[in-house]
**Student:** 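Here you go, one structure.
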Amino acid sequence: MRSLLQQLQRRTPLGWLQLNHEKGRLLVALAGIAFADVLMFMQLGFQSALYDSNTRLNRVMRADIVLLSPKALNLQNLSTFSRRRLFQARDVAGVQTATALYINSITWKNPQTRVNATVQMVGFAPDEPALNLPEVNQQLDKLKLPDTVLFDRGARGQYAEAIAQVEQGNPVTTEVDRRTLTISGLFSLGASFGADANVITSDQTFLRLFPRRDASSVSLGLVRVQPGADPAEVAAALSAHLPSDVRVLTAAEYVQFEENYWRTASPIGFVFGLGTAMAFVVGVVIVYQVLSTDVNAHLKEYATFKAMGYGNSYLLSIVFEEAMILALLGFVPGVVLPIGLYALAANATALPIYMTASRAVWVLLLTLGMCTLSGAIATRKLQSADPADMF
Amino acid sequence: MAIAISVQNLNHYFGQGQLRKQVLFEINLEINTGEIVIMTGPSGSGKTTLLTLVGGLRSAQSGSLQVLGQELCGATARQLTQARQHHGYIFQAHNLHGSLTALQNVRMGLELHPERSAAEMLARSTAMLEQVGLGDRIHYYPDNLSGGQKQRVAIARALVSHPQLVLADEPTAALDSQSGRDVVNLMQSLAREQGCTILLVTHDNRILDVADRIVHMEDGVLKRNSAGVLTTP
Ligand SMILES: Nc1ncnc2c1ncn2[C@@H]1O[C@H](COP(=O)(O)OP(=O)(O)OP(=O)(O)O)[C@@H](O)[C@H]1O
Ligand SMILES: [Mg+2]
């Protein structure tokens with residue numbers, strides 16, 4: 001260890017000196033790497049925002065176990081199952097409550113612009129909290145009035161004025177078909193790719209808004225277990241007890257189920273993965289250009305080093321030293337810029353997009369990999385540094 | 001007197017198959033330790049080829065080639081690299097590294113030898129540059145040095161590790177006659193001090209007087225192996 005340190009101390013930092021000598025080339029390389037990093041951060045940021053935002057509603061459901069139709073794909077495509085399964089579920093040992101949740105998309109008139117917009121309507125019986133949103137639970141009484149809804153502050157679209165009015169205590173009205181709805185309260189959840197806005201209402205209002213749905217077919221069943229009962233065991237018991245026309249998942253499994261949909265069944269995960277890969281390739285190409293130009297420019301010097309008795313591995317170490325320096329220096333602006341861009345994107349899209357330490361580490365690793373790969377390709381040119389052709 | 005270089009029946013070919021062409025024919029040459037030998041000869045006669053073989057930059061194909069007691073004919077690439085660490089090279093072009101200062105360039109000649117500490121390398125490189133008369137330029141980049149100064153840095157780099165053998169291929173070709181002369185004198189005096197052997201290829205008749213012996217290459221054959229010195233042909 002000590003000798004390694006001494007080795008480093010006595011070694012001329014040739015890679016750094018070479019890079020530093022050509023400041024223009026260095027800046028181009030750093031800009032290129034920063035660019036690739038920013039692209040990767042944006043892609044990965046949107047990707048995880050997609051997963052986060054599309055499981056937000058799933059994660060606030062007040063349930064230990066969730067029942068859903070086997071045909072369910074995601075929140076926007078839940079299909080339905082018979083409410084009778086909820087009654088049956090209540091017979092299973094360990095189950096405390098089993099309540100219905102109704103979810104469907106609906107087109108309403110934006111109360112502010114009067115333009116049609118699609119929102120996600122969530123209905124449940126207001127005598128029992130169905131969501132872990134304290135704001136909603138404090139306003140359950142309002143929902144007991146017919147045609148009354150609570151609206152999401154984090155909704156995407158032009159709702160700022162309407163929200164401000166409700167905030168001041170003035171209910172705002174809007175229309176679905178020819179039915180008038182009153183927004184009498186607010187909560188904070190946030191938009192998702194699948195839903196621009198969430199609207200919470202009572203099961204009664206929900207069923208009036210969707211005349212073709214009846215109370216006996218529900219979207220989700222929220223099961224809470226008795227204190228001390230193990231949700232996994234109860235879920236297994238439910239699975240065994242209930243017919244196969246209903247699926248039983250623990251709360252964690254249900255969030256995973258939603259996330260998996262977006263990961264696999266939708267092209268979005270692939271698109272962002274591809275975007276990240278493209279950014280990686282762009283980075284490799286830029287760094288390769290810089291490194292191979294640098295190797296070419298120094299072929300004579302490298303051949304001279306070989307003639308002096310330096311081995312091939314020494315020349316390789318110069319190129320990789322350069323690659324590592326570029327990766328680390330380029331990463332600095334590459335990680336700072338996205339923080340600002342995330343804030344902009346979060347404002348513009350109402351998506352939960354922010355920097356995380358794990359993503360920063362992951363992109364740093366990608367950057368190191370990117371530069372190492374470029375370096376590895378660039379070192380092939382070292383073969384042409386032949387000291388026999390030097391004299 | 002010990003023998004630094006011993007070449008016996010050395011042949012060398014370039015190319016393969018139909019294009020195979022012999023450029024060195026039955027070369028025999030012995031150089032004693034401490035000798036300064038100049039090799040002259042027309043262009044294309046094979047001087048550089050012989051020098052690169054002696055220096056371990058090319059692998060010898062047939063015959064025997066012993067340099068500093070090591071047989072280089074049939075040596076592995078690794079052995080050749082090792083052997084090179086004991087030679088000092090001076091090229092026609094200075095081949096200094098443009099991103100390194102004069103001092104850093106010279107230091108590269110020492111870094112190969114792991115027994116030297118950083119402080120020692122610094123001291124020796126500085127002293128070496130002072131010896132070649134560049135004590136006031138040690139932090140200059142090659143771009144800011146004249147041709148003669150650059151070649152002097154290259155000489156300092158070649159000699160700083162006190163190699164037992166110095167090989168030089170037309171070291172004065174890029175220089176005007178005065179700086180050419182200076183460079184050769186410098187090589188001579190440093191070599192005398194360090195007791196090393198020098199094999200020098202040149203076309204420059206004005207510097208032949210530094211040689212203990214002159215050999216002449218013609219069409220791949222060592223024609224004259226004249227002991228003593230020194231008449232211009
Ligand atoms: N890499 C090579 N491949 C094929 N032929 C070569 C190669 N290098 C040199 N030759 C040939 O070998 C012969 C000797 O070349 P060499 O460079 O040794 O001559 P030289 O005496 O150094 O000439 P000069 O004084 O011009 O430097 C020449 O005919 C040259 O064309
Ligand atoms: Mg030549």
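Reckoned from all heavy atoms, side chains included, excluding hydrogens, waters and symmetry mates.
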**Student:** OH of Tyr13(B): more than 12 outside heavy atoms within 6.0 angstrom?
**Tutor:** yes
**Student:** Mind checking whether Arg157(B) and Thr304(A) have side chains closer than 4.5 Å, heavy atoms only?
**Tutor:** yes
**Student:** Which heavy atom of Ala307(A) sits nearest to which heavy atom of Tyr89(B), and what is that distance?
**Tutor:** O-CE1, 2.9 Å
**Student:** Would you compute the distance between atom NE2 of His298(A) and atom OG of Ser99(B) and round it to the nearest 0.5 angstrom?
**Tutor:** 3.5 Å
**Student:** Could you look at Leu96(B) and say if it's the side chain, the backbone, both or neither that has a heavy atom under 4.5 Å from chain A?
**Tutor:** backbone
**Student:** Checking Met121(B) against chain A: side chain, backbone, both or neither under 4.5 Å from a heavy atom?
**Tutor:** side chain
**Student:** How are the rings of Phe305(A) and His97(B) set relative to one another: parallel (under 30°), tilted (30 to 60°) or perpendicular (over 60°)?
**Tutor:** parallel
**Student:** Less than 4.5 Å to any heavy atom of chain A: does that hold for the side chain of Leu80(B), its backbone, both, or neither?
**Tutor:** neither
**Student:** Among Gly98(B), Ala83(B), Gly109(B), single out the residue with the greatest number of heavy-atom pairs under 4.5 Å to chain A.
**Tutor:** Gly98(B)
**Student:** Under 6.0 Å from the CZ atom of Phe35(A), do we count more than 12 heavy atoms belonging to anything else shown?
**Tutor:** no
**Student:** Assess whether atom CG of Asp219(B) is packed by more than 12 heavy atoms of other residues, nucleotides or ligands within 6.0 Å.
**Tutor:** no
**Student:** Arg116(B) versus chain A, heavy atoms under 4.5 Å apart: side chain, backbone, both or neither?
**Tutor:** both
**Student:** To the nearest 0.5 Å, tell me how far Lys306(A) NZ sits from Thr81(B) OG1.
**Tutor:** 8.5 Å
**Student:** Give, as side chain, backbone, both or neither, the part of Leu100(B) having an atom under 4.5 angstrom from any heavy atom of chain A.
**Tutor:** side chain
**Student:** With a 4.5 Å heavy-atom cut-off, do Glu111(B) and Tyr314(A) have their side chains touching?
**Tutor:** yes
**Student:** For Met108(B), is there any backbone N or O sitting under 3.5 Å from a side-chain donor or acceptor partner on Tyr310(A)?
**Tutor:** yes
